[in-house]
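Comments concern the structure below.
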Amino acid sequence: MPLPKLYIFPISHYCEKARWALDYLQVDYELHAVAPGMHADLTARLGAAGTSLPVLVTDESVIQGSHEIIEWAEGVSSGERTLQPADLSAAVEMESRLNEVLGVHVRRMYYSEALVDRPETVLPIFADGLPAEEAQFVRDAWEIIVGAMVEKMDLGPEQGQESRHIVLEHLDWLDTLLSDGRHYLVGDAFSRVDLGAAALLAPLAMAPEHPTYGGLQLPPKLAQDIDDWQKRPVTRYVAEMYRLHRTV
Ligand SMILES: N[C@@H](CCC(=O)N[C@@H](CS)C(=O)NCC(=O)O)C(=O)O
């Protein structure tokens, strides 16, 4: 039986979330990096409802979205490990805040500086892992790709400040939750809530276990913020989740 194919953007924290879950649950798959700009054709060809990645293609279905991929992986994994949270209703509420709000604003904060002021720092990770001709496509179409992303994600200095403010509110929220000494966000064991929070906040820790951030150069204002946030409980928590649980 052919392996499921996981389509990702190497830079994407949502893609990292799906990839980490498959690795953690020991579900085999083939990894495919996709060139931004080529992804809409790919998702249309696969019959996915939207254009976003991650997408997992199995012998039976096309699964779009990090959460949906995690649920699928949980269903097919051998059962030796699970990412199921102890308290489902607490988990669902937290996950929706992490996925729908925090993840979006971490991305907008980063790109509002990186793509607007320092697009040359983003190009290498966008071309990472691509076949040579697709990497060349990304280089040739770089200005168009940047323009499309600025428009689609509504990027700019004010937007970056707005997203930074929302990110800070969420860091405070997570610091408060962690202040009772808990090791995991829900219950006593690592769950998909922790995996999601750590993947979406991975730039805070730039953990050596992260599969694609090794060569990522953060733009200066964000790098300064992250430096200032190193002593936060949430930063230590993200680093710890990677250290303890991001092994294949
Ligand atoms: N809620 C989705 C979000 C995925 C998402 O926003 N992916 C972005 C990359 S970070 C994407 O593919 N953007 C391109 C597009 O939507 O066309 C998930 O959890 O998978």
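Remember, it's 1-based here, ligands and their atoms both numbered in the order they're listed. Numbering of residues begins at 1 and proceeds along the displayed sequence.
- The ring-ring contact (aromatic ring centres under 6.0 Å, His included) analysis of residues 178-221, with sequence neighbours excluded, yields the pairs Trp20-Phe190, Tyr24-Phe190, Tyr184-His245, Phe190-His245, His210-Tyr213, His210-Tyr242.
- Linking ILVMFWY residues whenever their side-chain heavy atoms come closer than 4.5 Å, directly or via other members, leaves Val92 and Leu102 in distinct clusters.
- Note on residues 118-139: pairs passing ring-ring contact (aromatic ring centres under 6.0 Å, His included), not counting sequence neighbours, are Phe126-Trp142.
- Ion pairing of Glu240 with Arg243 is present here, as a side-chain N (NZ or NE/NH1/NH2) and a carboxylate O approach within less than 4.0 Å.
- Judged purely by distance below 3.5 Å, without hydrogens or angles, the side chains of Thr82 and Glu74 pair a donor atom with an acceptor atom.
- Within 4.0 Å of ligand 1, protein heavy atoms belong to Phe9, Ser12, Tyr14, His39, Thr51, Ser52, Leu53, Pro54, Gly65, Ser66, Asn99, Arg107, Lys152, listed by chain and number.
- Partners of Tyr7 according to the ring pair (Phe, Tyr, Trp, His ring centres under 6.0 Å) rule, which considers only residues two or more places apart in sequence or in another chain, are His32.
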